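This structure is a prediction, so every number in the text was calculated from the model and none was measured. Residues take their numbers from the sequence shown, with the count starting at 1. First listed ligand is number 1; within each ligand, the first listed atom is number 1.
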Amino acid sequence: MEDTIVLYPSPGRGHLFSMVELGKQILEQHPSISITIIISAMPTESISIDDPYFSTLCNTNPFITLIHLPQVSLPPNTSFSPLDFVASFFELPELNNTNLHHTLLNLSKSSNIKALIIDFFCSAAFEFVSSRHNIPIYFFFTTGANGLPMFLHLPILDKIITKSLKDLDMIIDLHGMPKIQSKEVPPAISDRSHRVYQYFVDTAKLMIKSAGLVINTFELLERRALQAIQEGKCGAPDEPVPPLFCVGPLLTTSESKIEHECLTWLDSQPTRSVLFLCFGSMGVFSSRQLRETAIGLEKSGVRFLWVVRPPLADSQTQAGKSNEPCLELLLPEGFLERTKDRGFLVNSWAPQGEILNHGSVGGFVTHCGWNSLLEALCAGVPMVAWPLYAEQRMNRIFMVEEMKVALACREAEDDQFVNAAELEERVIELMNSKKGEAVRERVLKLREDAVVAKSDGGSSCIAMARLVDSFNNWKPRA
Ligand SMILES: O=c1ccn([C@@H]2O[C@H](COP(=O)(O)OP(=O)(O)O[C@H]3O[C@H](CO)[C@@H](O)[C@H](O)[C@H]3O)[C@@H](O)[C@H]2O)c(=O)[nH]1
């Protein structure tokens, strides 16, 4: 029977892509095994099952097999808040546990399952699978290690603080992390009254029991946090953290053969002159924020390539007609005409990896998603950090204060609105100042470190070999 490693990613693009990349790299290290990826669908998924991404993946990687779990549905909910949305990422895997169990049973008839690697959103699978299958289960942490001390500390914080972090004006000072104000903590762990909070606390407890934590990072990028965790300074003192495997950066490689028109436009722009703006797989602005962003960009005078998504209300009214946002209506009057010689707008989705690696791109305004950060670093592009949701405000602190690879864009306290003057100032600072140049130099240094980490004998390469060895050396329970 052939050996296989089973990956169980969360279906959002920001989680799925890096786990698929993990699978590809395990195969490189260990070509005699196969990779099985369990794909589940979200009701509001960001990537559909028939997306060409999946067929291309299988066509170009014959040792990767995809198994699609049946669609499961959550009970209809009258209100669906952003926190309910995050909670659904934990709840759907829970509903899929029986399907997952049967899938693993079937698979084990033809393959020897060496390990299961689950996204932290799929933590419901941990106890269900470990009580029924004798295989090691690893957690895949899709974001940086810098946030891990906070995550590991969560069960302790849960015991000693009875109020929600969002209602406390306190500084969180943990080993391995810069000091963080409670308001910078991800919303999903700030509100104890919402069920999603408990999912995170429970997941943190389960991660400790796992065979290891696979992290999409490299040692030199987040040395302080990794050292503190490895020295046992994070989490409960009597519960050692399992082995860490920092195998990153795991970057999504484009399989597309068609050149996007924005790349042709970039070909005609001067070296490092263009600012790229893109806000991840889910970032959507209000109409007001879209207009304000346009004003800031216009005033800054820089060249720009901007991925624009229609605000939610607009995309709903357009459903069934066209996916094209009506830019003339959304943006300030005359903006498109006035900036046509130095600006290019892309509707909803652009080939980010290729754009960042284009020589004409000199800066990146990012929502601080972890994959975007790694992609920019590896392309040597300095950033303006404009977080929107999830752990992104915490990432901004790491990017600006620890790594020094970004300038912070400041938003209004109450509604997170970023005004045009702030954007204009940060953009000019990034593209045309000594401060921006210092950030670029730091990014270039980390890019070199990333290359070294991934090359033969580098820290990520060694971590990948350790991970593969650990699959082979795992001892089943008696
Ligand atoms: O127009 C686009 C938009 C995005 N991407 C790609 O999509 C991915 C986006 O990933 P990421 O930057 O991590 O953002 P999110 O999609 O928002 O990712 C979620 O998952 C990340 C990893 O856990 C978290 O850091 C984020 O906060 C969370 O929102 C990257 O590979 C981008 O290159 C494109 O190719 N084109």
**Student:** Enumerate the atoms of ligand 1 whose separation from the nearest heavy atom of Y389 is less than 4.0 angstrom.
**Tutor:** 17 (O), 29 (O)

**Student:** Output the distance between atom CG (D51) and atom CD1 (I39), rounded to the nearest 0.5 Å.
**Tutor:** 11.0 Å

**Student:** For T366, enumerate each residue passing the side chain to side chain donor-acceptor pair (under 3.5 Å) test, keeping only those at least two apart in sequence or located in another chain.
**Tutor:** none

**Student:** What residue and atom, counting heavy atoms only, is the protein's closest point to atom 25 (O) of ligand 1, and at what distance?
**Tutor:** E391 OE2, 2.5 Å

**Student:** Checking a contact table here: which protein heavy atom is nearest atom 13 (O) of ligand 1, and how many Å away?
**Tutor:** N371 ND2, 2.7 Å

**Student:** So, regarding V307 and ligand 1 (criterion: nitrogen or oxygen to nitrogen or oxygen, under 3.5 Å), is there a contact or not?
**Tutor:** no

**Student:** Mark up the atoms of ligand 1 that fall under 4.0 Å of a heavy atom belonging to H15, in ascending order.
**Tutor:** 20 (O), 23 (O)

**Student:** Apply side-chain hydrogen bond (donor to acceptor under 3.5 Å, both in side chains) to residues Q198 and D202 and explain how you reach the verdict.
**Tutor:** CA-CA 6 Å; Q198 197 57 45; D202 293 345; 3.1 Å; yes

**Student:** Does at least one non-hydrogen atom of C278 fall below 4.0 angstrom from an atom of ligand 1?
**Tutor:** yes

**Student:** Given Q352, H260, Q392, M394, which one has a non-hydrogen atom that is nearest to atom 28 (C) of ligand 1?
**Tutor:** Q392

**Student:** Which heavy atom of the protein is the closest neighbour of atom 16 (O) of ligand 1, given with residue, atom name and distance?
**Tutor:** S281 OG, 2.4 Å

**Student:** To the nearest 0.1 Å, how far is atom 1 (O) of ligand 1 from its closest protein heavy atom, and which atom is that?
**Tutor:** A350 N, 2.9 Å

**Student:** Applying salt bridge (Lys or Arg N to Asp or Glu O under 4.0 Å) as the test, list every pair that has at least one member in residues 379-401; sequence neighbours left out.
**Tutor:** E184-R393, R393-E411, R396-E411

**Student:** Which protein non-hydrogen atom lies closest to atom 17 (O) of ligand 1, naming both residue and atom, and how far is it?
**Tutor:** H367 NE2, 2.9 Å

**Student:** For S81 and D84, indicate whether the former's side chain and the latter's backbone hold a donor-acceptor pair under 3.5 Å.
**Tutor:** yes

**Student:** Output the list of atoms in ligand 1 that are nearer than 4.0 Å to some heavy atom of G369, sorted by atom number.
**Tutor:** 11 (P), 12 (O), 13 (O), 14 (O), 25 (O), 26 (C)

**Student:** How far is atom 34 (C) of ligand 1 from the closest protein heavy atom, and which atom is that?
**Tutor:** W349 CZ2, 3.2 Å

**Student:** Looking at E448 and K445, is any side-chain nitrogen of the basic one under 4.0 Å from a carboxylate oxygen of the acidic one?
**Tutor:** no

**Student:** For A390, take its heavy atoms, then give the atoms of ligand 1 lying under 4.0 Å from any of them.
**Tutor:** 27 (O)

**Student:** Do R13 and ligand 1 have an N or O pair less than 3.5 Å apart?
**Tutor:** no

**Student:** Quick test: of every protein heavy atom, which one is nearest to atom 33 (O) of ligand 1, and how far off is it to 0.1 Å?
**Tutor:** E375 OE1, 2.6 Å

**Student:** Have a look at F90 and tell me which of F120, F200, F85 forms a ring-ring contact (aromatic ring centres under 6.0 Å, His included) with it.
**Tutor:** F200

**Student:** What I'd like to find out is whether the side chain of C234 reaches to under 4.5 Å of the side chain of H153, using heavy atoms alone.
**Tutor:** no

**Student:** Considering only non-hydrogen protein atoms, determine which one is nearest to atom 18 (O) of ligand 1 and report residue, atom name and distance to 0.1 Å.
**Tutor:** G14 CA, 3.6 Å

**Student:** Show which atoms of ligand 1 fall inside a sub-4.0 Å distance from at least one heavy-atom site of S372.
**Tutor:** 11 (P), 12 (O)

**Student:** For a quick test of reading the model, state the closest non-hydrogen atom pair linking S10 to F89 and the distance between them.
**Tutor:** OG-CD2, 3.4 Å

**Student:** Do the rings of F285 and F279 sit parallel, tilted or perpendicular, given the 30° and 60° boundaries?
**Tutor:** tilted

**Student:** So, is the end of the R288 side chain (NZ or CZ) under 6.0 Å from the ring centre of F417 and within 45° of the ring's axis?
**Tutor:** yes

